[in-house]
Amino acid sequence: MPTEEELIFQRRKKRDLLRHSKYEAYPPRVWRGRINCSVAVARFESAERRSSLIDEGMMSQHVTLAGRVLAIRNMGSRAFVDVRDGTAKVQLNLGREAVFSDTKRPSQKAKWQSEVGIGLNVLDVGDFVQAYGRLFRTRLGEVTLQVESWGLLTKTLRPLPDKWHGISDVETRYRQRYLDLIANERSREIALLRTKVLAAVRLFYIKRDFIEVETPVLQDEAGGAAARPFITHHNALDRDFFLRISLELHLKRLLVGGFDKVFEIGRVFRNEGIDRRHNPEFSLLESYEAYTDYLHVAKMVEDLYRFVAMQVRGTLQIPFGEEIIDLGVPWARITYRDALRKYAGFTYSESTTVDDLRGIAAGHRIATEASDSKDTILDKLMSELVEPQLIQPTFLLDYPSELSPLAKKKPGFPDTAERFELFVLGYEMANAYSEQNDPDTQRLSMLDQAFKAAEGDEEVEIADEDFLTALEYGMPPAGGLGFGIERMVMLMAGEPSIREVILFPAMRDNQR
RNA sequence: GGGCCCGUAGCUCAGCGGUAGAGCAGUGGACUUUUAAUCCAUCGGUCCAGGGUUCGAAUCCCUGCGGGCCUACCA
């Protein structure tokens, strides 16, 4: 009677049948001595290699395994049940005598044999079971547990997705990620890849004597980046807080405080659009190293990406769609101005006027606002004409200082900031500065940003007086770096969608 | 925000103006080593929602909701 309700009803009935027979549907404990499926298989195969198997290929030692039932093949006199834990899948072979027994020790065989009557009839795909027995290899070569005793660990009420096709509905995969993880190996791989990336990044920094710190998510001012923040409310204080949009200003306070090398991997929140590459919350990495500059950081980023790639992929050549991203060769370095000349085909100089730029933009059908400054139009030209062409890893160096309010100016070039952005596959992957540590200069550029905000530009740096006060106590010269972890995972996984590398991506309400 | 596409059984999908279908899962049965087990039988639907056109709508049209891709802004 399989409407969804009826499928659930069937399973509840099986659960009740168990309960009436004094068996637990949700026992609190697993039999002692349980081992991972992968360990059991490894031990069996090692015993095979040592040729120490007795009883015609059967392992001499008993093991207890537990996991979720993926498939049941009932042959009448006996049944094969595929069971998977978090490490591997193992096939169970059950004879007719097998019954459920949670309350009996496996060794009390005589007792539970007399209770035949509860068995496969209460078992469904999706249930968690435990099983005790000895491993052997079947005629077709699969390592299999000859079950002597088994029991239910968790009765599942809802049917699992189709065992062959899995879950392919993208919406279901995101909204009910647990089903995706059960059914689709690729989703598991990506989730595991992400944890490996995080571990590798941490290892990289820790090996370089950075300390990992944590700074506030709830902030008076959401600074350190140009983005619209989320606002939330604190009841006891009866005041609003901003959710952070970057980690920058607090990490720099720690440089003031005397830590030379700090990094943080933290969730930040940006109140902006949702699309294939943007989720409202994402994991940002930022690191700051005193007594270095942005060129040192560039070298470090190259090392970091190579280290992570080797740790998680074992290679420096990462396939991505049609492309193979080669992290191994020295990465291209080109200045902002040279990139414009090379890719956009025009030479920018101090004498270039706003109207010149506007004309060039119009020639490429790039929309500009009347209020756009020279640098804003330049940035639009870069985004449209240059960045999409930067497929292999490329450092774009020396940005217009007006677009870089937190960066130090290049000595002798007041319009140029000591800043680079890293581009791969046409997208910004990292952003770094020689950090501005002149408090008065920093205040002026922040006030300039505030002025723009007053003119209606919502995405500008805010003036954070508390941060400026910290700078007045003196921050050592430092190279700083920021990049989105998701972008890095997407690259390492070869996945073009951010939603594939976030376990629970933001979704609209659905009232289905 | 704009353009294109999608939404049918628990899952994967077909049907695209004329009685809502298949495989898997479920239920009942057969089967002494299966591998998406097989075989027989069987149950199962707000065809995303609402409106319209039509003798008749899952199918055509409109609106809404949700999703995907492309596109614009942000990492």
Side-chain angles (χ1 to χ4, degrees), chain A residues 1-11 13-14 70-82 89 91-96 121 124-126 136-144 146 156-176 179-180 182-184 224-229 245-247 268-286 366-367 369 379-380 383-384 421-424 427-431 457-459 482-490 496-499 505 507-512:
Chain A
M1 310 180 279
T3 64
E4 187 169 26
E5 268 177 40
E6 288 161 340
L7 287 169
I8 292 170
F9 179 71
Q10 302 257 13
R11 288 161 179 255
K13 266 184 13 193
K14 293 178 185 180
L70 296 182
I72 302 168
R73 294 180 291 278
N74 188 349
M75 310 294 297
S77 69
R78 59 202 321 102
F80 292 91
V81 177
D82 290 338
K89 187 183 88 174
Q91 177 173 262
L92 310 183
N93 182 12
L94 299 160
R96 203 184 280 277
N121 58 323
D124 283 298
V125 170
F136 72 106
R137 197 176 281 279
T138 63
R139 183 167 52 80
L140 290 162
E142 180 155 350
V143 176
T144 300
Q146 184 62 51
T156 300
L157 294 183
R158 289 174 182 272
L160 252 47
D162 187 287
K163 67 185 166 197
W164 185 245
H165 299 97
I167 286 267
S168 65
D169 180 67
V170 180
E171 189 176 352
T172 307
R173 289 186 47 234
Y174 295 159
R175 289 189 193 276
Q176 294 179 279
L179 294 179
D180 186 35
I182 291 169
N184 299 319
R228 279 175 292 179
I245 57 174
S246 85
L247 317 175
V268 299
F269 308 84
R270 299 189 179 180
N271 206 340
E272 287 160 355
I274 299 177
D275 65 25
R276 211 161 62 105
R277 284 179 207 88
H278 298 90
N279 198 61
E281 52 179 308
F282 65 98
S283 289
L284 185 62
L285 177 138
E286 290 194 26
I366 297 167
E369 305 291 329
D379 198 50
K380 287 184 174 174
S383 301
E384 290 290 324
E421 290 195 356
L422 167 66
F423 286 83
V424 182
Y427 300 111
E428 182 190 338
M429 299 294 283
N431 184 16
D457 190 342
E458 287 186 315
E459 297 183 351
F483 68 85
I485 292 289
E486 284 79 7
R487 289 274 167 93
M488 182 183 242
V489 177
M490 288 161 71
S497 169
I498 196 170
R499 294 181 143 190
M507 302 288 279
R508 288 173 197 275
D509 279 351
N510 94 2
Q511 31 264 36
R512 279 201 296 186

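Letters A, B, ... mirror the listed sequences (proteins, then strands); counts begin at 1. Every value quoted in this text rests on a predicted model; they were computed, and no experiment measured them.
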Is a side-chain donor-acceptor pair under 3.5 Å present for A/Tyr427 with A/Arg487?
-> no

Considering only the P atoms, how many Å lie between B/U35 and B/G50, rounded to the nearest integer?
-> 46 Å

Which part of the nucleic acid, if any, lies within contact of A/Tyr174, taking any heavy atom under 4.0 Å across all strands shown: a base, the sugar-phosphate backbone alone, or nothing?
-> sugar-phosphate

Between B/C40 and B/C4 - C1' atom distance, rounded Å = 47 Å

Using a heavy-atom cut-off of under 4.0 Å over every strand shown, decide if A/Lys14 touches base, sugar-phosphate, or nothing.
-> sugar-phosphate

For A/Asp82, report the nucleic acid contact type (base, sugar-phosphate, nothing); a contact means any heavy atom under 4.0 Å.
-> nothing

A/Thr138 versus A/Gln91: any side-chain heavy-atom pair under 4.5 Å?
-> yes

Separation of the C1' atoms in B/C6 and B/A41, to the nearest angstrom = 36 Å

Please tabulate, one pair per line, each protein N/O and nucleotide N/O from nucleotides 11-15 of chain B that are separated by under 3.5 Å, including the distance.
from	atom 1	to	atom 2	distance (Å)
B/C11	O2'	A/Asp162	N	3.2
B/C11	O2'	A/Gly166	O	2.9
B/C11	O2	A/Asp162	OD2	3.3
B/U12	OP1	A/Ser168	N	3.1
B/U12	OP1	A/Asp169	N	3.0
B/U12	O3'	A/Ser168	OG	3.0
B/C13	OP1	A/Ser168	OG	3.2
B/C13	OP2	A/Ser168	OG	3.4

Between N or O atoms, less than 3.5 Å apart, protein on one side and nucleotides 2-6 of chain B on the other: list the pairs.
none

Look at A/Glu4 together with A/Arg158 and state whether they make a salt bridge at an N to O cut-off of under 4.0 Å.
-> yes

From the options B/G26, B/C74, B/U35, select the nucleotide whose nearest atom is closest to the side chain of A/Arg73.
-> B/U35

Side-chain donor/acceptor of A/Thr138 to base of B/U35, under 3.5 Å | yes

Toward the 5' end of RNA chain B, by each residue's nearest nucleotide, A/Asn279 or A/Ser497 = A/Ser497

Counting any heavy atom closer than 4.0 Å, what does A/Glu142 reach on the DNA or RNA strands: base, sugar-phosphate only, or nothing?
-> base

P spacing across the pair B/A37 / B/U27, given as an integer number of angstrom = 16 Å

Determine the interatomic distance between P on B/U42 and the same-named atom on B/G23; round to the nearest Å.
-> 12 Å

Would you mind classifying the nucleic acid contact of A/Gln91 as base, sugar-phosphate or nothing, using non-hydrogen atoms under 4.0 angstrom?
-> base

